[in-house]
Amino acid sequence: MKKKNIAIILARSGSKGLKNKNQLKFHGKPLISYTIDAIKNTNLFDEIVLSKDSKKLAKIALKKGIKVPFLRPKHLSKDNSKAKDAIKHTLEFFKKQGTIFDYVLYAFPTTPLKQSKDIIKSYKLMLKKRANMVISVCENDKPKEWVNNIGKNLSLKNFINKKGLDKNRQDFKKNYRINGSIYFGKWDIFYHQKYWFGNKTYAYIMPKERSIDIDNIIDFELAKIMFKKNKILQHG
């Protein structure tokens, strides 16, 4: 049986940067709740699934009507585990039951400022472009010409190209970074391919104020501030 869309939320209980961050209260609700609500409110998905390694996260998801059909195996829940393998594990679960989908949304629970409209617009862009995948990005804070590696001796020799030394930040071309909010693509791409950045992958540009990916306590506190600011802007 073929269905249209599935949303997969990947979550882990352990985190080095901020312990149990997906369960932390964020403006009165567990952090993961915001991603669940953003997905549910799109009305785009036949299935919404949480792939996790924690029973506490399962309880939160089940209360919100999200399917939690399995605990993710330990080898897919380590610090060095790849998201692509965990996504394929979920898709294989459904395939064994005789169900595949046209499109797959992979979403992080650590990006609570994304909105339903971001997911909907990504989906529309994918259909319009006949894309294999759409990935959300936001404008980078600094020019890429000001970013480089530093060796063990801490030398800054040739750190910045001489042509870039006399320019102000606004003189450089805009550049973008992946913000971790949305990966929306065809089933076959998620299931079969390990590289997602092909000719038919397109960017959905999100504003920086909705692009915080929480990895540590500073990100967490900044996201809380931006959440309040965004609400004021929406209702102001």
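Start at 1 with the first residue, then count along the sequence. Scope of the values below: all heavy atoms of this structure, side chains included, with no hydrogens, waters or symmetry mates.
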Problem set entry | Any side-chain donor near an acceptor of the partner, Thr110 and Asp213, under 3.5 Å | yes
Exercise. Above 12 or not: heavy atoms from other molecules or residues under 6.0 Å from NZ of Lys129?
Worked result: no
Exercise. Has the side chain of Asn216 got a donor or acceptor atom that lies under 3.5 Å from a matching backbone atom of Asp219?
Worked result: yes
N/O donor-acceptor pairs under 3.5 Å from side chains in residues 31-43, not counting sequence neighbours:
| residue | atom | partner | partner atom | Å |
| --- | --- | --- | --- | --- |
| Ser33 | OG | Pro30 | O | 3.2 |
| Tyr34 | OH | Phe26 | O | 2.5 |
| Tyr34 | OH | His27 | O | 3.3 |
| Thr35 | OG1 | Phe108 | O | 3.0 |
| Thr35 | OG1 | Lys114 | NZ | 2.6 |
| Asp37 | OD1 | Lys64 | NZ | 3.0 |
| Asp37 | OD2 | Lys29 | NZ | 2.8 |
| Lys40 | NZ | Lys64 | O | 2.6 |
| Asn41 | ND2 | Asp37 | O | 3.1 |
| Thr42 | OG1 | Ile39 | O | 2.7 |
| Thr42 | OG1 | Leu44 | N | 3.3 |

Problem set entry | Distance (rounded to the nearest 0.5 Å) between Lys229 NZ and Ile225 CD1 | 10.0 Å
Problem set entry | CA sep, side-chain torsions, deciding dist, call: Asp102, Lys186, salt bridge (Lys or Arg N to Asp or Glu O under 4.0 Å) | CA-CA 6 Å; Asp102 291 320; Lys186 290 181 178 178; over 6 Å; no
Seminar exercise, completed: Sequence neighbours excluded, the answer for side chain to side chain contact (heavy atoms under 4.5 Å, CB included) partners of Lys95 is Ile100, Trp187, Tyr191
Problem set entry | Of Val68, Leu57, Thr90, the residue whose pairing with Ser51 passes side chain to side chain contact (heavy atoms under 4.5 Å, CB included) | Thr90
For this session: Determine yes or no for a side-chain-to-main-chain donor-acceptor pair under 3.5 angstrom, with Lys21 supplying the side chain and Ile214 the backbone.
Result: yes
For this session: List in chain and number order the residues that pass side chain to side chain contact (heavy atoms under 4.5 Å, CB included) with Lys142, two or more places apart in sequence or in another chain; answer none if no residue qualifies.
Result: Trp146, Arg169
Exercise. Aromatic rings Phe184 and Phe45: how do their planes relate, parallel, tilted or perpendicular, breaks at 30° and 60°?
Worked result: parallel
Exercise. Roughly how far, to the nearest 0.5 Å, is OH of Tyr183 from OG of Ser122?
Worked result: 12.0 Å
For this session: Determine whether more than 12 heavy atoms belonging to other residues, nucleotides or ligands lie under 6.0 Å from atom NZ of Lys59.
Result: no
For this session: For side-chain hydrogen bond (donor to acceptor under 3.5 Å, both in side chains), just list the numbers for Asp46 and Asn5, CA-CA rounded to whole Å, side-chain angles, deciding distance to a tenth of an Å, and then say yes or no.
Result: CA-CA 6 Å; Asp46 300 284; Asn5 301 322; 5.4 Å; no
Exercise. More than 12 heavy atoms of other residues, nucleotides or ligands under 6.0 Å from CD1 of Ile218: is that the case?
Worked result: no
Exercise. How many angstroms lie between CE in Met133 and CG in Asp188, if you round to the nearest 0.5 Å?
Worked result: 11.0 Å
Problem set entry | Asn153, CG atom: more than 12 neighbouring heavy atoms under 6.0 Å | yes
Problem set entry | Distance in Å, Met126 CE paired with Thr201 OG1, rounded so as to fall on 0.5 Å steps | 11.0 Å
For this session: Quick one: pull up OH in Tyr195 and NZ in Lys84 and give me the separation to the nearest 0.5 Å.
Result: 8.5 Å
For this session: Salt-bridge test for Lys67 and Glu47: reply yes if a basic N is under 4.0 Å from a carboxylate O, no otherwise.
Result: yes
For this session: Spell out, as yes or no, whether a donor-acceptor pair under 3.5 Å connects the side chain of Arg177 to the backbone of Asp141.
Result: no
Problem set entry | Spacing of NZ belonging to Lys124 relative to NZ belonging to Lys121, to within rounding of 0.5 Å | 8.5 Å
Problem set entry | Asn179 versus Ser136, side-chain donor and acceptor atoms under 3.5 Å | yes
